[in-house]
Amino acid sequence: MDIEAYGRTDPGPVRENNEDMFLIDIEHGIYVLADGMGGHAKGEVASQMAVDAVHEILMGEEDPDETRLVRDIEPVDPADVLRERLRYAMNQASVRIRRESEIRPDARNMGTTVVILVIEDGQAHLAHVGDSRAYLFRRGRLTRLTRDHTVVQQEIDAGRLTEELARLVPHKHILTQSVGFHGPVEPDTTTRVLEENDIFLVCSDGLTDPLDDDRIAQIMGSHPIDQLSDVLVDEALKAGGEDNVTVIVAQAR
Ligand code: CA
């Protein structure tokens, strides 16, 4: 199956910096998005470091111990090995950012969300940390594939808050884990078997704050893939979005 993919990032109308970063490597099936945080614009450093580290590790020959351990248990599902590799890449990125923030006083406390999407051999593998999201748009229906690592999501899960109210509370952006700031991370991972015309959407909260899932689904159902990233970003800004907005869309053909 061929993949057609597009990405766009916009700093938004208010912020001087764009702390979002994304990478599209169609040839190797690697898609990464990071939304950085930290004072003095160091969110930019964190998100760039994360994207670079993840890409380098996934492209490299480095064989993490964790992967080897999985492979020692027969029979091995290649998807298990791949997801273990994503977890390893995420943690290596976290270690690198944390080290950097320890030697640079101006970069203390920097961290970043990360979503990794790898598409190969008819499967899509995902790993994420933080509140950037991945969605699957299949046959007109939008499914969220990630669960935000936020205090608010925990409150929703515990039944103390509704999705609607969660969009309004002031602490909605407090993360329960992030790459770099929190040291070792425990990404959630998942694998989906591709179907023709599936569209994967990876985005920062600059998209999902101003647009709810119904609106995103509506937009995805009414625009061709080559216009989607532009329309989604434009609609987020039109709806009053003030944050950096970043979108990656990838469709299986
Ligand atoms: Ca953001």
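Note that ligands are numbered from 1 as they come in the structure, with each ligand's atoms numbered from 1 the same way. FYI, side chains are in, hydrogens and waters are out, and symmetry mates aren't considered; it's all heavy atoms of this structure.
- Open room surrounds CZ on Arg147; 12 or fewer heavy atoms of other groups in view lie less than 6.0 Å from it.
- The neighbour count for Glu186 CD, taken as heavy atoms of other residues, nucleotides or ligands under 6.0 Å away, does not exceed 12.
- For the residue pair Tyr135/Asp213, the side-chain donor-acceptor check at 3.5 Å is satisfied.
- Sorting the N, O or S atoms of Asp205 by how far they are from the Ca ion (ligand 1) puts OD1 first.
- Side-chain contact annotation: Glu155 with His171, donor-acceptor N/O pair under 3.5 Å present.
- Note on Glu19: not counted as a metal contact of the Ca ion (ligand 1), no N/O/S atom lying under 3.0 Å.
- Of the angles at the Ca ion (ligand 1), the one spanning OD2 of Asp243 and OD2 of Asp35 is 160° when given to 10°.
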